[in-house]
Amino acid sequence: MKVVTPLFDSSVRPRHVAIIMDGNGRWAEARGLERAEGHAEGATAVREAVRTCREQGIEFLTLYAFSNANWQRPTLEVEALMRLLVEFAESEKAELREHGIRVNVVGEVEDLPTHTRRAVEHVIDYCADGERMTLSLALSYGGRQDIVNAARALAVRARAGLVLPEEIDESFFHKEMTTQSLPDVDLLIRTGGEARLSDFLLFEAAYAELMFLPVMWPDFKEDLLIDCIRQYATKERRFGRTSAQVAAATASAR
Ligand code: IPE
Ligand code: IPE
Ligand code: MG
C-alpha cells in the first residue's frame, strides 16, 4: 500500500472536513449532458476527495450527498442519485475497508428507498472496523430537522422524567443528533459557486472555517482540496478569545 506523508502537521490540519458537493447539474448542462451524468462524474470526485483526505491524515470527512430538500427534484434525477449511491457503496467498499475507513450516515436513512438503504447499511457493516478515518454521508439530511428531532426526543424523555432540563447542555443535546459520533466541523467547503449552507451541519459547523469555491463539484481535484487545507492551516482559530490569549494558550501547551 502506498503511504503518503501528510503535508501538514496534525496541530494545524483540520480534524473534521465537511463538503457541500454542489454543481454536478451545471457541470453536465454546460456540456449538453443530462444532469444525471454530472452526478456520475461527481462520484469520481468523491473518490478523489476521500483518497486525498485519507492521505492527508484527515480523521473525519463528511459529504453532503443528498439533502432532505433534494426530494423535491424530478423523480428521474432522484432515482439516478439513489442508484449512484448503491453503485458507490458496492464499488468502493473493498477499498474503504482496506484503508481502514469507517462509513457512517447522518440524516434520515429510513427515508431512503429500501435498495439504497440496504446498500448503505451493508457498506457501514462491512467497514465497521475502520479506525483510520470516518467517512460520513449526509443522506436525506437537513440540519434544522436534525436539531428539531433532537429537541423532540429530549422533550419526550423529559416528560417521562428521564431527563432534567438542567442536564441539557450542548454536548448532551448533540448526543441526540444523527451527527453524535462526529466532532465539530473544522473546515467546511462548498463547491459550485454559491456562498450558502443549504441547511448543512448548522449546529456542528458553529466555528468552522468556511470556504466557497467557484468550481463545479466534478472539477474539484486533489490540488484544490490541498489548497483549502493549506489555507486552513494558516488560520488563527480564536473561538471568541483575543489573539494574545490564543498565543499564550498555544505557548503553554508546548
Ligand atoms: C449537487 O449538485 C449534488 C446534489 C444536490 C445531489 P447539483 O445537482 O445541485 O448541481 P447544480 O447545483 O444544479 O449545478
Ligand atoms: C446542497 O445543494 C445539497 C447537496 C449538495 C447535497 P443544493 O443544490 O441542493 O442547494 P441549493 O438548492 O442550491 O441551496
Ligand atoms: Mg446545486
Side-chain angles (χ1 to χ4, degrees), residues 16-50 52-53 60-89 91-92 103-113 115-117 119-120 123 135-148 177-179 182 185 187-205 208 210-221 224-225 228:
H16 184 180
V17 174
I19 309 183
I20 302 174
M21 310 184 289
D22 195 26
N24 293 346
R26 279 165 288 161
W27 183 92
E29 283 158 10
R31 288 161 178 76
L33 303 170
E34 296 291 327
R35 291 177 59 85
E37 296 179 76
H39 297 311
E41 194 63 28
T44 306
V46 170
R47 262 175 230 122
E48 184 158 337
V50 172
T52 306
C53 283
F60 295 89
L61 171 64
T62 302
L63 300 175
Y64 206 1
F66 193 85
S67 73
N68 61 5
N70 289 147
W71 291 115
Q72 300 169 79
R73 293 199 178 186
T75 315
L76 277 178
E77 183 170 344
V78 171
E79 284 173 359
L81 282 162
M82 293 300 140
R83 252 196 324 273
L84 269 174
L85 265 166
V86 175
E87 280 171 34
F88 181 82
S91 67
E92 299 309 301
V103 179
N104 175 48
V105 167
V106 303
E108 314 238 0
V109 73
E110 46 304 334
D111 290 353
L112 301 173
H115 188 47
T116 312
R117 203 188 64 219
V120 169
V123 72
L135 169 65
S136 299
L137 301 175
L139 297 174
S140 192
Y141 175 85
R144 279 203 211 180
Q145 191 61 53
D146 212 21
I147 293 169
V148 169
M177 300 179 69
T178 63
T179 55
L182 306 179
V185 177
L187 169 59
L188 191 151
I189 299 166
R190 181 178 187 138
T191 60
E194 309 290 356
R196 58 177 171 250
L197 291 177
S198 302
D199 205 14
F200 192 42
L201 300 174
L202 300 181
F203 183 91
E204 300 78 357
L210 308 181
M211 296 187 193
F212 299 100
L213 276 66
V215 297
M216 301 296 137
W217 176 249
D219 292 328
F220 186 71
K221 304 287 180 226
L224 294 176
L225 179 48
C228 291

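Both counts, for ligands and for their atoms, begin at 1 and track the order of listing.
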K.L.:
Is any side-chain heavy atom of Asn68 less than 4.5 Å from a side-chain heavy atom of Asp199?
P.N.:
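Yes, their side chains come closer than 4.5 Å.
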
K.L.:
Answer yes or no: is there a side-chain heavy-atom contact under 4.5 Å between Phe60 and Val185?
P.N.:
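No - every pair of side-chain heavy atoms lies 4.5 Å or more apart.
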
K.L.:
Check whether any side-chain heavy atom of Leu85 sits under 4.5 Å from a side-chain heavy atom of Leu139, and report yes or no.
P.N.:
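Touching, per the 4.5 Å side-chain cut-off.
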
K.L.:
Could you list the residues that satisfy salt bridge (Lys or Arg N to Asp or Glu O under 4.0 Å) with Glu34, not counting sequence neighbours?
P.N.:
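Expected list: none.
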
K.L.:
Tell me if the CZ atom of Arg47 is crowded by more than 12 foreign heavy atoms within 6.0 Å.
P.N.:
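Result for CZ/Arg47: enclosed.
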
K.L.:
Less than 4.5 Å apart, side chain to side chain, heavy atoms only: is that true for Val123 and Glu92?
P.N.:
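Not in contact.
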
K.L.:
Quick one: list whatever passes salt bridge (Lys or Arg N to Asp or Glu O under 4.0 Å) with Arg83, sequence neighbours left out.
P.N.:
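With neighbours one apart ignored, the set is empty.
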
K.L.:
Keeping waters out of it, list the protein N, O or S atoms under 2.8 Å from the Mg ion (ligand 3).
P.N.:
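Short answer, with waters excluded from the count: Asp22 OD1.
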
K.L.:
So do the side chains of Glu204 and His16 get within less than 4.5 Å of each other, counting heavy atoms only?
P.N.:
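Glu204 does not reach His16 side chain to side chain.
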
K.L.:
Taking the non-hydrogen atoms of Met216, is any one of them nearer than 4.0 angstrom to ligand 1?
P.N.:
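In this structure, Met216 fails to qualify as a contact of ligand 1 - no heavy atom is under 4.0 Å.
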
K.L.:
Which atoms of ligand 1 are found less than 4.0 Å from any heavy atom of His39?
P.N.:
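Answer for ligand 1: 3 (C), 8 (O).
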
K.L.:
Check whether any side-chain heavy atom of Leu224 lies under 4.5 Å from a side-chain heavy atom of Val215, and answer yes or no.
P.N.:
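They are in side-chain contact.
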
K.L.:
Of all heavy-atom pairs between Ile19 and Phe220, which one has the smallest distance, and what is that distance?
P.N.:
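So the minimum-distance heavy-atom pair works out to CD1-CE2, 4.4 Å.
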
K.L.:
What are the atom names and distances for all N or O pairs under 3.5 Å between ligand 2 and the protein?
P.N.:
from, atom 1, to, atom 2, distance (Å)
ligand 2, 8 (O), Asp22, OD1, 3.1
ligand 2, 8 (O), Arg73, NH2, 3.2
ligand 2, 9 (O), Asn70, ND2, 2.9
ligand 2, 9 (O), Arg73, NH2, 3.4
ligand 2, 10 (O), Arg190, NH2, 3.4
ligand 2, 10 (O), Ser198, OG, 3.4
ligand 2, 13 (O), Arg196, NH2, 2.8
ligand 2, 14 (O), Arg196, NE, 2.9
ligand 2, 14 (O), Ser198, OG, 2.6

